[in-house]
Amino acid sequence: MKERPPRVIETLAGMPAGEIKLIERRLFLKKSLSLGSLALLSGCDVTNADHVQKLLWSISRWNDKVQGWLFDPNKLAPTFPESAITRPFPFNAYYSENEAPEVMAEDYALELAGRIRERRSWTLPELYALPEVSQVTRHVCVEGWSAIGKWSGVPFRHFLEQVGADLTAKYVGFKCLDDYYTSIDMATALHPQTQLTFKFADQILPTKYGFPMKLRIPTKLGFKNPKHIMAIYVTNMYPGGYWEDQGYNWFAGL
Amino acid sequence: MASETSDVVRAGAVIHPLLVRVCHWVNLVAIVIMVLSGWRIFNASPLFDFVFPRDITLGGWLAGALQWHFAAMWLLMANGLVYVLYGLFSGHYGRSFFPLSPRAILRELVNILHGRLSHHLGTYNPLQKMAYLSAITLGITLVLSGLAIWKPVQFQELATLMGGYEGARWVHFLAMVGLVGFALVHVIMVLLVPRTFLPMIMGRAPRVAKDKEH
């Protein structure tokens with residue numbers, strides 16, 4: 001996303017979740033202070049009142065639930081011919097393209113945590129040896145624009161089953177090298193098109209698209225597709241996410 | 001502008017049923033929130049080289065605008081559903097908007113071009129019928145294209161109908177332009193024929209003498 005959050009948030013990674021929430025809430029409220037004509041028309045700052053913000057957040061939580069009900073685990077996202085691929089495919093993150101983190105392939109190890117039976121780490125050659133599938137699907141950004149790309153990797157469901165993840169757990173969380181983090185519902189994690197992706201357009205993922213791996217979810221908005229994944233964990237505790245904790249809808253399903 | 005003002009209802013008669021009036025004002029709140037937050041969402045990735053002035057948008061930033069938009073959509077849809085079901089099954093639509101023929105619309109247009117603006121409390125002229133039917137159609141189009149943008153995978157059949165995800169964005173935008181255009185004309189007409197305003201609140205035709213100033 002092009003809009004940057006206050007940089008403060010990035011330095012909060014080590015703080016307890018409760019405290020982070022409080023600070024982020026304050027930042028969010030500050031951000032909403034410059035409201036438009038509705039506030040002017042009504043002659044008061046009705047839109048910034050704490051109870052209005054609380055109401056909007058709780059409706060967003062309600063919308064998470066509604067989207068969970070609407071989500072059909074067997075409904076596939078539309079696929080496209082390779083001729084429809086958007087070139088060049090846009091770069092997108094909360095930082096600029098030249099700030100994308102470089103990962104040393106030989107040092108890389110994917111960490112697994114939480115409700116997973118075999119929590120050993122995975123090297124890149126091991127990951128590359130997993131069965132590969134490809135998809136040409138539409139990436140839809142929360143900003144509104146969309147682009148079609150080709151991604152290849154292992155079906156995430158296959159990977160979760162292989163490492164003995166608790167498939168009855170509620171959430172799968174991701175921690176990334178760029179301090180980004182996000183989480184998804186288990187139903188989406190098990191969707192046939194949800195893919196642990198190692199290639200873009202038949203080439204090893206370049207740095208700008210998330211080397212060494214990203215999670216490709218054609219049934220969710222772009223910010224739910226984490227890049228530069230360093231750790232994957234399975235949990236029943238709501239893990240939130242980088243944008244989600246600032247007010248973007250968590251489920252963000254398409 | 002010459003205007004016929006012979007109202008077809010007697011003073012004190014109910015012009016707008018209570019349910020229509022409640023829906024009208026709830027709809028106003030929902031539409032204002034949807035449009036102003038929608039403009040902020042549009043600005044995040046404009047369809048063409050234009051953005052709405054930031055000060056007249058709602059939400060402060062994209063996440064805030066999305067929260068407003070996806071909260072007010074429930075109000076808009078619930079209220080719209082009540083209104084449309086009532087209109088269809090109570091006979092309200094049948095009585096108010098029909099019969100309507102292209103010839104009648106054309107004749108009314110010619111009248112207006114000749115400076116004859118007719119307004120009778122309690123009944124709609126052919127142009128008004130067309131305008132209100134268009135507004136309802138635009139509202140339904142906005143909801144359907146909005147659902148297609150929100151859920152282009154779950155509701156992909158609907159999205160296909162709108163020309164795919166990108167097509168649905170255009171349909172949503174153009175329907176907004178149409179509805180905002182309707183609203184502007186609607187407000188201007190109320191200012192031109194102010195005795196139509198109170199009945200949308202009180203429901204009844206005013207007991208005062210008919211205004212002749214138009």
Side-chain angles (χ1 to χ4, degrees), chain A residues 1-5 28-41 47-48 52-53 55-60 62-63 66-67 69-72 75-78 80 137-138 140-148 191 193 217-221 243-249 252-254, chain B residues 28-29 31-48 51-75 77 146-160 164-170 172-173:
Chain A
M1 281 182 282
K2 283 163 206 149
E3 278 192 55
R4 283 162 183 248
F28 181 80
L29 290 174
K30 264 192 189 163
K31 242 180 273 175
S32 319
L33 279 175
S34 65
L35 276 172
S37 59
L38 199 73
L40 289 172
L41 280 173
T47 54
N48 301 318
V52 174
Q53 290 302 323
L55 179 69
L56 290 175
W57 278 77
S58 56
I59 295 175
S60 192
W62 155 258
N63 284 340
V66 173
Q67 293 176 88
W69 299 328
L70 284 176
F71 180 76
D72 178 348
K75 191 139 192 171
L76 298 182
F80 300 86
T137 49
R138 185 185 295 278
V140 177
C141 180
V142 69
E143 291 174 336
W145 56 267
S146 75
I148 293 170
H191 184 272
Q193 287 171 312
I217 315 177
T219 58
K220 281 199 192 292
L221 288 172
W243 292 110
E244 296 87 330
D245 294 346
Q246 298 173 60
Y248 283 92
N249 178 260
L254 291 175
Chain B
L28 173 67
V29 174
I31 292 277
V32 167
I33 294 175
M34 291 307 274
V35 169
L36 297 187
S37 59
W39 288 353
R40 182 62 193 80
I41 297 167
F42 175 94
N43 283 357
S45 180
L47 286 167
F48 48 91
V51 289
F52 294 94
R54 205 190 161 85
D55 285 345
I56 56 164
T57 63
L58 174 66
W61 70 315
L62 178 57
L66 288 163
Q67 282 190 343
W68 277 104
H69 209 69
F70 288 112
M73 75 169 180
W74 294 113
L75 187 64
M77 288 197 293
L147 288 173
I149 296 168
W150 187 42
K151 293 278 161 271
V153 174
Q154 302 308 322
F155 301 151
Q156 54 189 269
E157 298 77 10
L158 190 62
T160 305
Y165 172 79
E166 292 290 343
R169 291 183 71 201
W170 276 99
H172 202 57
F173 176 80

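Values in this document were obtained by computation on a predicted structure and should not be read as measured data. Naming convention: chains lettered A, B, ... in sequence-line order (proteins, then strands); numbering from 1 in each chain.
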Trainee: Apply side chain to side chain donor-acceptor pair (under 3.5 Å) to A/Thr219 and list each qualifying residue two or more places apart in sequence or on a separate chain.
Mentor: none
Trainee: Side chain, backbone, both or neither: which part of A/Leu76 has an atom under 4.5 Å from a heavy atom of chain B?
Mentor: backbone
Trainee: Where does B/Phe42 contact chain A at under 4.5 Å (heavy atoms): side chain, backbone, both or neither?
Mentor: neither
Trainee: How about A/Leu70 and B/Trp150: do any of their side-chain heavy atoms sit closer than 4.5 Å?
Mentor: yes
Trainee: Count the heavy-atom pairs under 4.5 Å between each of A/Ile59, A/Val140, A/Leu254 and chain B, then report the option with the highest count.
Mentor: A/Leu254
Trainee: Only counting residues at least two apart or in another chain, list the ones meeting ring-ring contact (aromatic ring centres under 6.0 Å, His included) with A/Phe71.
Mentor: A/His191
Trainee: Aromatic contact between A/Trp69 and A/Trp62, with the criterion being ring centroids under 6.0 Å apart: yes or no?
Mentor: yes
Trainee: Side chain, backbone, both or neither: which part of A/Asn249 has an atom under 4.5 Å from a heavy atom of chain B?
Mentor: neither
